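Take a look at the structure set out below.
Residue numbers start from 1 in every chain, and the chains themselves are labelled A, B, ... in the order their sequence lines are given, proteins ahead of strands. Not measured: the values here are computed from a predicted model.
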Amino acid sequence: MIQKNIVTRFPPSPTGYLHIGGARTALFNWLFARQTGGKFILRIEDTDKARSTDEATRAIIDSMEWLGLDWDEGPYFQSERYDIYNAAIERLLSSGQAYHCHCSSEDLEKRRKSAMAKGAKPKYDGKCRELGLGPAPGSVVRLKTPHTGTTQFNDLIKGSIRFNNEELDDLILKRSDGSPTYHMAVVADDISLGITYIIRGDDHVNNTPRQIQIYQALGESVPQYAHVPLILGPDKARLSKRHGALSVLAYRDMGYLPHAMLNALARLGWSYGDQEKFTKEELIEKFSLENVGKSAGVFNMEKLQDLNAWYIRESADDILAKGLIPFLEKSGFKNLDKEKAKDAIATLKIRSKTLVDMAESARFYFEKEIIYDEKADNKFLKPDMLDLLLNLQARLEQTSIFDQEGLEKTFVAFLEANQIKLKKVAQPLRVALTGKTASPGIFEVMEVLGKEAVLERLGKAINHIRDKA
RNA sequence: GUCCCCAUCGUCUAGCCUGGUCCAGGACACUGGCCUUUCACGCCAGUAACGUGGGUUCAAAUCCCGCUGGGGACGCCA
């Protein structure tokens with residue numbers, strides 16, 4: 001499998017954000033290139049001027065960068081490469097492999113419809129094929145394709161795929177406005193960039209024989225193809241906007257780690273035995289087109305979430321801090337104490353599914369004033385706890401060692417003296433310190449908060465209980 | 001409609017090429033239990049699938065054919 005000079009590419013059209021299907025295609029191309037020591041090229045297919053935007057280009061690049069999919073060349077912009085396409089069209093024209101066609105698009109549309117109505121495949125009828133017409137305003141250039149025989153290729157994922165040439169028609173290479181069509185631009189670009197492996201979505205299978213015919217007409221060697229099955233929505237229909245969050249960047253904003261995303265994307269359609277989790281290095285080492293499945297799959301958000309939770313647990317605190325702080329800032333906590341944030345993260349990481357989640361549960365650490373959850377307040381901050389809490393307050397005031405170990409010792413003594421179980425004070429204290437009934441371990445919370453804040457919050461809770469009585 | 005592709009638990013998948021070791025394995029989700037200062041984590045257990053009909057064979061999830069179902073493509077979009 002290790003070959004030199006392997007070149008792959010990812011060619012999104014900047015008509016929208018990068019969605020998870022595109023991201024997976026990019027990932028597979030990237031993995032294949034990295035694994036073989038080849039090159040990975042980014043090319044922006046912006047020949048459709050009406051629909052392409054700079055904003056979309058930006059979003060695609062941001063997404064790639066967030067995922068860590070770096071490219072060796074590019075981004076190339078097709079809109080800047082018309083010379084290459086025009087040269088190819090000229091070559092085809094002068095060798096008689098292409099011809100000028102004067103049929104109008106309205107006319108063609110009519111003929112397509114009537115063919116469909118008759119139950120035939122709507123294809124160009126070849127009206128201008130043998131007319132030997134020259135260029136004219138409004139005319140296009142078409143490829144003169146073979147009518148007989150078959151066009152076949154060996155797909156690296158799906159195996160041998162064969163089309164009867166009579167199914168294919170004379171596709172347009174150059175539009176009436178002079179711009180190249182998608183097929184022409186892709187093939188000319190892939191030739192000029194030396195692409196050897198084309199890994200793309202399943203929806204291009206039908207385009208492949210047409211593109212192969214262009215390679216053949218140009219006398220160029222055809223690259224290897226690998227068509228990756230599409231990603232479907234939960235309703236098994238093709239993924240679309242109505243399925244919700246599709247943009248890669250949306251997952252970033254929901255607090256997913258890029259590596260979790262990468263791992264989830266890789267495992268959608270590809271597998272390596274029973275292994276579920278892969279480092280980037282393992283992905284590069286173990287990926288293979290051979291192990292990409294043939295059938296379309298549904299993107300499983302729950303699995304992504306599980307993966308994300310796992311990677312959060314595994315990540316170092318300072319790395320998580322970098323990711324988390326923007327989310328905390330977004331919810332209004334500016335100029336945070338980074339050390340405290342790191343300590344907070346250490347207590348939160350095993351119980352957070354996403355960074356958004358974590359930022360939410362971290363609030364109490366940074367909040368000036370604890371707001372008690374109503375139910376928690378009613379259940380645990382009751383007058384009959386007053387004596388015990390006062391007793392605890394007194395004892396904590398005497399305590400100088402405020403780390404988990406020291407606190408545990410203090411509590412053991414305190415519990416023994418009062419003949420109670422930890423359970424009895426832990427919940428009221430938790431509510432006093434965090435406002436909620438669920439939080440990290442009580443000693444962890446106390447250590448991160450520090451003696452001063454603990455006593456302050458405990459004091460407030462005591463006053464709050466007194467107000468009730 | 002025509003062409004192309006696909007078909008294992010709810011979902012992602014292993015197994016299929018090289019039939020027997022598969023009354024089908026893993027993961028997520030779900031259910032129950034254990035652990036426990038709460039919530040989690042962790043651990044243990046459980047529910048759950050070879051679309052269907054035929055053929056080949058001593059033997060089929062695995063090979064062949066039909067059917068059904070799903071997806072994709074049929075643009076001067078990419």
Quote, to the nearest angstrom, the P distance that separates B/C50 from B/A45.
-> 24 Å

Donor-acceptor pair under 3.5 Å: do we get one between A/Arg51's side chain and the base of B/C77?
-> yes

Integer angstrom distance from the P of B/U21 to that of B/C65 | 25 Å

Looking across every strand, which nucleic acid part, if any, lies under 4.0 Å from A/Ser352 by heavy atom: base, sugar-phosphate, or nothing?
-> nothing

Residues A/Tyr85 and A/Asp189: side-chain donor-acceptor under 3.5 angstrom | yes

For nucleotides 11-13 of chain B, print each protein N/O atom paired with a nucleotide N/O atom at under 3.5 Å, atom names and distance only.
residue	atom	partner	partner atom	Å
B/U11	OP1	A/Lys236	NZ	3.2
B/U11	O2	A/Asn300	OD1	3.4
B/C12	OP1	A/Val298	N	2.8
B/C12	O2'	A/Arg267	O	2.9
B/C12	O2	A/Lys303	NZ	3.0
B/U13	OP1	A/Gly269	N	2.4
B/U13	O3'	A/Ser271	OG	3.2

Indicate whether any N or O donor in one side chain lies under 3.5 Å from an N or O acceptor in the other, for A/Thr25 and A/Arg200.
-> no

On a whole-Å scale, what distance lies between the C1' atoms belonging to B/C4 and B/G10?
-> 29 Å

Ignoring the backbone of A/Phe163, work out which of B/U37, B/C4, B/A40 is nearest its side chain.
-> B/C4

By the Watson-Crick or G-U definition, both distances under 3.5 Å, B/C41 is matched with none

From A/His102 atom NE2 to A/Cys128 atom SG, the distance as rounded to the nearest 0.5 Å = 6.5 Å

What integer number of Å spans the P atoms of B/C22 and B/G66?
-> 32 Å

Mind checking who B/A61 pairs with, Watson-Crick or G-U wobble, both distances under 3.5 Å?
-> none

Short side-chain donor-acceptor distance under 3.5 Å, A/His227 and A/Asp202 = no

Gap in Å between the two C1' atoms, one belonging to B/U56 and one to B/G71, rounded | 31 Å

Under a 4.0 Å heavy-atom cutoff, the residues of residues 437-451 of chain A touching RNA chain B are A/Thr437, A/Ala438, A/Ser439, A/Pro440, A/Gly441, A/Ile442, A/Phe443

First encountered from the 5' end of RNA chain B, between A/Glu167 and A/Asn207 | A/Glu167

Got a salt bridge between A/Glu282 and A/Lys280, using NZ or NE/NH1/NH2 to carboxylate O under 4.0 Å?
-> no

Assign A/Cys103 to base, sugar-phosphate, or nothing according to its heavy-atom contacts below 4.0 angstrom with the strands shown.
-> base

Under 4.0 angstrom, heavy atoms only, what part of the nucleic acid is A/Ile172 near: base, sugar-phosphate, or nothing?
-> base

A/Tyr272 OH: over 12 foreign heavy atoms closer than 6.0 Å | no

Going by modelled atom types, is there a donor-acceptor pair between the base of B/C41 and the side chain of A/Arg313 at under 3.5 Å?
-> no

Go ahead and name the base partner of B/G46; Watson-Crick or wobble counts if both distances stay under 3.5 Å, otherwise write none.
-> B/C30

Mind checking A/Asn164 for me? I need base, sugar-phosphate or nothing, with any heavy atom below 4.0 Å counting as a touch.
-> nothing

Can a donor-acceptor pair be found between the side chains of A/Asn291 and A/Ser288 at a distance below 3.5 Å?
-> yes

Distance, C1' atom - from B/C43 to B/A24, rounded to whole angstrom | 26 Å

base_contact_polar (B/G25 base, A/Asp274 side chain, donor-acceptor, <3.5 Å) = yes

If we take the P atom in both B/G69 and B/G42, what is their distance in whole Å?
-> 43 Å

Base partner of B/A7, which must satisfy Watson-Crick or wobble distances under 3.5 Å | B/U68

What does B/C35 pair with, Watson-Crick or G-U, if both distances are under 3.5 Å?
-> none

Would you tell me whether A/Arg58 and A/Ser63 have side-chain atoms, one donor and one acceptor, within less than 3.5 Å of each other?
-> no

Spacing of the C1' atoms in B/U8 and B/G1 (rounded, Å) | 32 Å

Under 3.5 Å, is there a donor-acceptor pair linking the side chains of A/Asp343 and A/Tyr365?
-> no

Compute whether any side-chain donor of one residue and acceptor of the other, for A/Asn154 and A/Ser160, lie under 3.5 angstrom apart.
-> no

Do A/Arg9's NZ or CZ and the ring of A/Phe40 fall within the cation-pi criteria of under 6.0 Å and 45°?
-> no

Measure from CZ on A/Phe10 to C1' on B/A78 and round the result to the nearest Å.
-> 12 Å

